[in-house]
**Student:** 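Once you've had a glance at the structure underneath, I'll fire off some questions.
Only a predicted model underlies this, so the values are computations on that prediction, with no experimental measurement involved. A note on names: the letters A, B, ... follow the listed sequences, proteins ahead of strands, and every chain is numbered from 1. FYI, side chains are in, hydrogens and waters are out, and symmetry mates aren't considered; it's all heavy atoms of this structure.
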Amino acid sequence: MESTAKDGAVAEALAPAFDPSEVERGLYDRWDEAGYFAPNDREDRPSFVVIMPPPNVTGELHVGHALFVAVQDIMIRWHRMMGDPTLWVPGADHAGIAGQWVVEKLLAAEGLTRHDLGREKFLERVWAYMDSTRGRIREQMRILGASCDWSRFVFTMDPGPSAAVRKVFKRLYDKGLIYRGERLISWCPRCMTALSDLEVVHQDVQGHLWHIAYPVVGGETERRKDGKTEGGTGGAGVIVVATTRPETMLGDTGVAVHPGDERYKHLIGKQVRLPILGRLLPIVADESVDAAFGSGAVKVTPAHDPNDFEIGKRHGLRFLTVMNLDGTMNAEAGPFAGQTVEQARKGVVSRLEQDGELVKVEQHFHAVGHCQRCNTVVQPMLSTQWFVEMGPLAAPAIAAAKDGRLTFVPERFKGVYLNWMENIHDWCISRQLWWGHRIPVWYCRDCGETIVTEEETLLACPGCAGKVEQDPDVLDTWFSSGLWPFSTLGWPNETDDLRRFYPSSVMETGYEILFFWVARMVFFGLEVMGELPFHTVYLHGTVRDAEGAKMSKTKGNVLDPTEITHEYGADALRFALVTQGSPGLDMRLSMQLVESSRNFVNKLWNATRFALRPIGETGIVVGADGPARPEGDLALADRWIVSRLDWITGEVTSLLGNHLYGEAGRQLRDFVWSELCDWYIEAAKVRLRGTDEERKAVAQTLAYVLERTMRLLHPFMPFATEALWQVLPHAGDALIVAPWPDAGERDQAAEDDWAVLMELVAKVRNARAEANVEPGRWIAADVFAGRRRA
RNA sequence: GGGCGCGUAGCUCAGUUGGUUAGAGCGCGCGGUUCACAUCCGCGAGGUCACAGGUUCGAGUCCUGUCGCGCCCACCA
């Protein structure tokens, strides 16, 4: 990179105020073109690798992305300056349901559904859309200054990651860890697809607990039907069950009681008559029934409730599905067929009421599952889907965290991770969508064989040469995400990148995708590569608006990082985001905050502007490592600021090493503003009017301290520091690849003496202010100082 | 039902392993046009570090409990 450091005239090159768009323009391209974003070839240093969480191709970047760019770029730039072969891999995610939904909405505007187009044409539309948005992500990342290696950009739907998906699927299938089966899964009637447990969000809602009397066959109530008999005793010939979803009774195939429950013991093995439909249901005894809850008896709907599903299996009950995939009732629902769940619920309740079988209704506050994507109430449904058996995969992932090979920042997330891993359920990975990685499974129409293959297509059945058809479903988008740490590096091919850069170093992402993504990368990495995909998980919080509300498109409080950057600069936005909070905690972002960060950039700008004049006028000694460290018989001020620089250098280095990025940024800011500017430069003004010797010493010190300060600040505010470094005396081509400074030995005596001086000045200022002495007036001060404490 | 986080100056937040008068930014009051910066400078007001116990020579920092706010996990119908 071209140096513009010239004698004398450079001060005029800097505008009086920092103008971000002027400064940032072109800088990024020059870094990129010079190849600084690619890892170096040094073999004496450990590589440092970060795999970027791939943003969804579906939309614009938001400030959350700006936060991860800021944090990851600090890590990356710091390690690059330390000389490590440093790689930051960018990418984009196809975003499964979300991706498909965006395009379906576009189609809806044209009055079309995806079915009008058909699978093939629809996917063409999706690809066209994704191609148009992918460039935008890249552009925004560049504006933010992300120093990632664009030559290695990967999209989850690229051939490489797609091949990785098929290979892993087959591998796990062959090992028996992927299976197809009819299970009770969560179904979104709007998205018309199965969901994993994680994609179901539970929301507490005020509902009801309906108590319904089921007459015991042969009991007196079956004849009396007054429903007023004291429920639950069974003595009167009824069993009262309680439910929050009365419409599901249409699918009841049994009633369960606890085997030890004296009230019902004599009824076990008998039958009840299902109200409305009149079907006969067996009464079974099951340990899972809580005798203390409600009436102690529970209706069993094996096809529409996870718990009932298990009971049904244990007792061989019928699995009767009463709902269609779109959430309406099917023919099994008798008179309610065709109605929505809500309509059927009302209908069933009023019918029960008429018939006198509704014993009582209670208010009941309980959690109801909703689709993460569209917020529709999710229905438990019996369905044939593909699953990953999690037990064998989770075990090593648990061990890795327990024995400390995998660490978390902040540490408490280790417990959250373990708790989830240790209670994990099998993972439903098939989705009834079109956009995504097609399940690599083929079924032979002739011999009925199931063929799982790594190949993209299969022409004929390898067994009977019959016609084959591919499974119509696609995989959960997080399946490919879980392979990201190695699929981005070329796996399944034995690439150089894979050898050099797997495993990566740190996974930096938001805590909200700890289970969705981080956990899955861990177990996939261990299973497929035999090695953890990263040793450290750094989790950041959510960026909220100035009022603390979560940002969302519907609320209209989303901040566009590109806009902020345009007004205040990427450096200011990044610095604000990094210094505002702490790892793992949510933070609020206000424009006021960004503005004060911008002011700090401006401060740095002007300090440099000030320094350039004496530097240009006196001439500076510049060595191989930049301006030479001031030497010889130095004034106290020079010794002091150099010592403080040594202090901050050590401090920042150690904070960065401990992932305390915010604290490092804040310390740097305080050093520059309070020590360098308010004290050293202010004092320098007087000395610059002194002898040539003094001017020279000040200039050398300023050059030395500022140049080093730019290096320390570069990971935090890459643009302004690079621009200023270029006009300061320096060695080397670009700050982005300048060596990270070492901390020299501190001069404790100078620091102590200067501290006394600062205190003295502060006391005098205070006395003047309190006595209302006009600022311009010189007055004598008598100082009464005590003995200095040791 | 479990688990976690937060509660520090009017506001937003720092405060890594317990150690001298608890910090910053913004806001507020007073005062500043000398050639780095008014995107600035100086001075100042403002805090029982949620509350109650405990450990300690010493606690914002550790332990226990209480209250308030938020989040995550969860198949009690």
**Student:** Once you round it to whole Å, what is the distance between C1' of B:A74 and CD of A:Gln203?
**Tutor:**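 Checked: the CD to C1' distance equals 15 Å.
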
**Student:** Heavy-atom count around A:Glu682 CD within 6.0 Å, excluding the residue itself: above 12?
**Tutor:**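 Counting other residues, nucleotides and ligands, CD of A:Glu682 exceeds 12 neighbours.
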
**Student:** Does B:C43 have a Watson-Crick or wobble partner in any strand here, with both distances under 3.5 angstrom, and which is it?
**Tutor:**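 For B:C43, the partner nucleotide comes out as B:G29, under the 3.5 Å rule.
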
**Student:** By the definition ring-ring contact (aromatic ring centres under 6.0 Å, His included), identify the one residue from A:Phe575, A:Phe716, A:Tyr538 that meets it with A:Tyr661.
**Tutor:**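 Single pass found, and it is A:Tyr538.
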
**Student:** Does a donor on one side chain and an acceptor on the other come within less than 3.5 Å for A:Thr301 and A:Lys299?
**Tutor:**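 Their side chains do contain a donor-acceptor pair, which is all the 3.5 Å distance test asks for.
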
**Student:** Would you measure the distance from the C1' atom in B:C37 across to the matching atom in B:C69 and give it in whole Å?
**Tutor:**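 B:C37 and B:C69 have their C1' atoms separated by 41 Å.
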
**Student:** May I ask which nucleotide in the shown strands pairs with B:G58, Watson-Crick or G-U wobble, both distances under 3.5 Å?
**Tutor:**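 Its partner is none (no Watson-Crick or G-U wobble pair with both distances under 3.5 Å).
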
**Student:** Say whether A:His304 and A:Gln379, considering side chains only, have a donor N or O and an acceptor N or O under 3.5 Å apart.
**Tutor:**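 The criterion, which ignores hydrogens and geometry beyond distance, is not satisfied for A:Gln379 and A:His304.
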
**Student:** Does any nucleotide pair with B:A14 by Watson-Crick or G-U wobble geometry, both distances under 3.5 Å, and what is it?
**Tutor:**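 Check on B:A14: unpaired, no WC or wobble geometry under 3.5 Å.
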
**Student:** Quick one: A:Leu14 CG to B:C35 P, roughly how many Å, whole number?
**Tutor:**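 It is 18 Å, rounded to the nearest whole Å.
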
**Student:** Atom CD of A:Glu663 and atom P of B:A24: how far apart are they, to the nearest Å?
**Tutor:**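 Taking atom P of B:A24 as the reference, CD of A:Glu663 is at 13 Å.
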
**Student:** Answer yes or no: side-chain N or O of A:Glu682 and base N or O of B:A36 forming a donor-acceptor pair under 3.5 Å.
**Tutor:**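 Indeed there is one.
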
**Student:** Hey, are A:Glu422 and A:Lys402 close enough for a salt bridge, meaning a charged N less than 4.0 Å from a carboxylate O?
**Tutor:**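 A salt bridge is present here (some side-chain N lies under 4.0 Å from a carboxylate O).
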
**Student:** Can you tell me if A:Glu595 and A:Asn599 form a side-chain donor-acceptor pair at under 3.5 Å?
**Tutor:**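 Checked: A:Glu595/A:Asn599 side chains show no N/O donor-acceptor pair below 3.5 Å.
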
**Student:** Kindly point out which of B:C75, B:A36, B:A74 is positioned nearest to the side chain of A:Ala367?
**Tutor:**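 In terms of side-chain proximity for A:Ala367, the closest of B:C75, B:A36, B:A74 is B:A74.
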
**Student:** Under the 3.5 Å rule, do the base of B:U39 and the side chain of A:Arg598 count as making a donor-acceptor pair?
**Tutor:**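 Answer is yes: a donor-acceptor pair is held.
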
**Student:** Scan A:Arg666 against the nucleic acid and name what it touches under 4.0 Å (heavy atoms): base, sugar-phosphate only, or nothing.
**Tutor:**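 Sugar-phosphate: the residue A:Arg666, judged by heavy atoms under 4.0 Å, touches backbone atoms but no base.
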
**Student:** In terms of side-chain heavy atoms of A:Asp290, which of B:A77, B:C75, B:C37 is nearest?
**Tutor:**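 Comparing B:A77, B:C75, B:C37 against the side chain of A:Asp290, the answer is B:A77.
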
**Student:** Using atom C1' of each nucleotide, how far apart are B:G47 and B:C63 to the nearest Å?
**Tutor:**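 Result for the C1' pair: 25 Å, nearest Å.
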
**Student:** Would you classify A:Phe515 as touching base, sugar-phosphate or nothing, given that sugar-phosphate means primed atoms plus P, OP1 and OP2, and contacts are heavy atoms under 4.0 Å?
**Tutor:**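 Touches sugar-phosphate only.
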
**Student:** Taking B:U12 as the reference, what is the distance to B:C4 when you measure between their C1' atoms (whole Å, please)?
**Tutor:**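 After rounding to an integer number of Å, I get 23 Å for this pair.
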
**Student:** Quick one: label A:Asn658 by what it contacts on the DNA or RNA (base, sugar-phosphate, nothing), any heavy atom closer than 4.0 Å.
**Tutor:**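 No contact at all - A:Asn658 keeps every heavy atom at 4.0 Å or more from the nucleic acid.
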
**Student:** Between B:C11 and B:G46, how far apart are the C1' atoms? Round to whole Å, please.
**Tutor:**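 That atom pair is separated by 13 Å.
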
**Student:** When you compare B:G42 with B:G19, how far apart are their C1' atoms, in angstrom units rounded to a whole number?
**Tutor:**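 To the nearest whole Å, 32 Å.
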
**Student:** Would you mind reporting whether A:Met710 and A:Thr608 have side-chain heavy atoms less than 4.5 Å apart?
**Tutor:**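 Touching, per the 4.5 Å side-chain cut-off.
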
**Student:** Of all the choices, B:A36, B:C35, B:A77, which nucleotide is nearest to the side chain of A:Val298 once you look at every atom?
**Tutor:**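 Taking heavy atoms from C-beta onward, the closest nucleotide is B:A77.
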
**Student:** My understanding is that only one of A:Arg666, A:Glu651, A:Arg644 makes a side-chain contact (heavy atoms from CB on, under 4.5 Å) with A:Phe671; could you say which?
**Tutor:**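 Going through the options one by one, the only one that passes is A:Arg644.
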
**Student:** Name the residue closer to the 5' end of RNA chain B, choosing between A:Trp679 and A:Ala291 according to the nucleotide with the nearest heavy atom.
**Tutor:**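 Per heavy-atom nearest nucleotide, the more 5' residue is A:Trp679.
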
**Student:** Does the side chain of A:Lys603 get closer than 4.0 angstrom to OP1 or OP2 of B:C41 through an N or O atom?
**Tutor:**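 Result: yes.
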
**Student:** For B:C41 versus B:G3, give the span between their P atoms, rounded off to a whole number of Å.
**Tutor:**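 Nearest-Å result for B:C41 against B:G3 at atom P: 50 Å.
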
**Student:** Nearest to the side chain of A:His202, which nucleotide is it out of B:U39, B:A74, B:C35?
**Tutor:**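 For the A:His202 side chain, the nearest candidate turns out to be B:A74.
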
**Student:** Strictly by Watson-Crick or wobble contacts shorter than 3.5 Å, is anything paired with B:U34, and which nucleotide is it?
**Tutor:**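 Its partner: none found.
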
**Student:** Please classify the nucleic acid contact of A:Glu512 as base, sugar-phosphate, or nothing, using heavy-atom distances under 4.0 Å.
**Tutor:**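 If one applies the 4.0 Å heavy-atom cut-off, A:Glu512 turns out to touch nothing in the nucleic acid.
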
**Student:** Who is the Watson-Crick or G-U wobble partner of B:G53, with both distances under 3.5 Å?
**Tutor:**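 Paired with B:C63.
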
**Student:** Enumerate all atom pairs, one protein N or O and one N or O from nucleotides 1-10 of chain B, separated by less than 3.5 Å.
**Tutor:**
none

**Student:** Is a side-chain N or O of A:Arg263 found less than 3.5 angstrom from the main chain of A:Ala291, in a donor-acceptor match?
**Tutor:**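 Looks like yes, one N/O pair under 3.5 Å.
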
**Student:** Paired with B:G1 by Watson-Crick or G-U wobble geometry, both distances under 3.5 Å: which nucleotide is it?
**Tutor:**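 Answer to the pairing question: B:C73, which forms a Watson-Crick or G-U pair with B:G1.
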
**Student:** Kindly point out which of B:C76, B:A74, B:C41 is positioned nearest to the side chain of A:Trp673?
**Tutor:**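 The closest nucleotide is B:C41.
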
**Student:** Counting any heavy atom closer than 4.0 Å, what does A:Lys299 reach on the DNA or RNA strands: base, sugar-phosphate only, or nothing?
**Tutor:**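 Nothing, no heavy atom under 4.0 Å.
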
**Student:** I'd like to know if the side chain of A:Glu663 pairs up with that of A:Asn658 as donor and acceptor (distance under 3.5 Å, no hydrogens or angles considered).
**Tutor:**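 Short answer, no.
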
**Student:** I need the CD-P distance between A:Glu595 and B:G27, as an integer number of Å.
**Tutor:**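 Result: 8 Å.
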
**Student:** Considering heavy-atom distances to RNA chain B, does A:His425 or A:Pro16 have its closest nucleotide positioned more toward the 5' end?
**Tutor:**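 The answer here is A:Pro16.
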
**Student:** Tell me the interatomic distance from A:Leu382, atom CG, to B:C75, atom C1', rounded to whole angstroms.
**Tutor:**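 Distance check: A:Leu382 CG to B:C75 C1' gives 15 Å.
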
**Student:** Check this one for me: any side-chain N or O of A:Ser596 less than 4.0 Å away from OP1 or OP2 of B:U39?
**Tutor:**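 For A:Ser596, the contact criterion (side-chain N or O under 4.0 Å from OP1 or OP2 of B:U39) is not met.
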
**Student:** Touch check for A:Asp678, heavy atoms < 4.0 angstrom, all strands: base, sugar-phosphate only, or nothing?
**Tutor:**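 The residue A:Asp678 makes sugar-phosphate contact but no base contact.
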
**Student:** Considering every strand and a 4.0 Å limit on heavy-atom distances, what is the contact class for A:Arg669: base, sugar-phosphate, or nothing?
**Tutor:**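 The answer is sugar-phosphate, as A:Arg669 gets under 4.0 Å only of primed atoms, P, OP1 or OP2.
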
**Student:** Expressed as a whole number of angstroms, how long is the span from A:Leu706:CG to B:C37:C1'?
**Tutor:**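 Distance check: A:Leu706 CG to B:C37 C1' gives 14 Å.
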
**Student:** Using the C1' atom as the point on both nucleotides, what is the distance between B:G53 and B:A9, in whole Å?
**Tutor:**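 About 27 Å, rounded to a whole number of Å.
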
**Student:** Is A:His366 close enough to B:A74 that one of its side-chain N or O atoms is under 4.0 Å from OP1 or OP2 there?
**Tutor:**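 Looking at the OP1 and OP2 atoms of B:A74, neither is under 4.0 Å from any side-chain N or O of A:His366.
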
**Student:** A:Ala256 and A:Asp286: which non-hydrogen atoms are nearest, and at how many Å?
**Tutor:**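 For A:Ala256 and A:Asp286, the tightest heavy-atom pair comes out as CB-CB, 4.4 Å.
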
**Student:** P atom, B:G25 versus B:G18: distance in rounded Å?
**Tutor:**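 Approximately 28 Å lies between the P atom of B:G25 and that of B:G18.
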
**Student:** Touch check for A:His364, heavy atoms < 4.0 angstrom, all strands: base, sugar-phosphate only, or nothing?
**Tutor:**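 Touches sugar-phosphate only.
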
**Student:** Report which part of the nucleic acid A:Ser597 touches: base, sugar-phosphate, or nothing (heavy-atom distance under 4.0 Å, all strands).
**Tutor:**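 Since no nucleic acid heavy atom lies under 4.0 Å of A:Ser597, the category is nothing.
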
**Student:** Nearest-Å distance, CZ (A:Phe575) to C1' (B:A24)?
**Tutor:**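 After rounding, the reported distance stands at 12 Å.
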
**Student:** Within this structure, what is the CD-to-P distance between A:Gln580 and B:U12, rounded to whole angstrom?
**Tutor:**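 Interatomic distance, CD of A:Gln580 to P of B:U12: 10 Å.
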
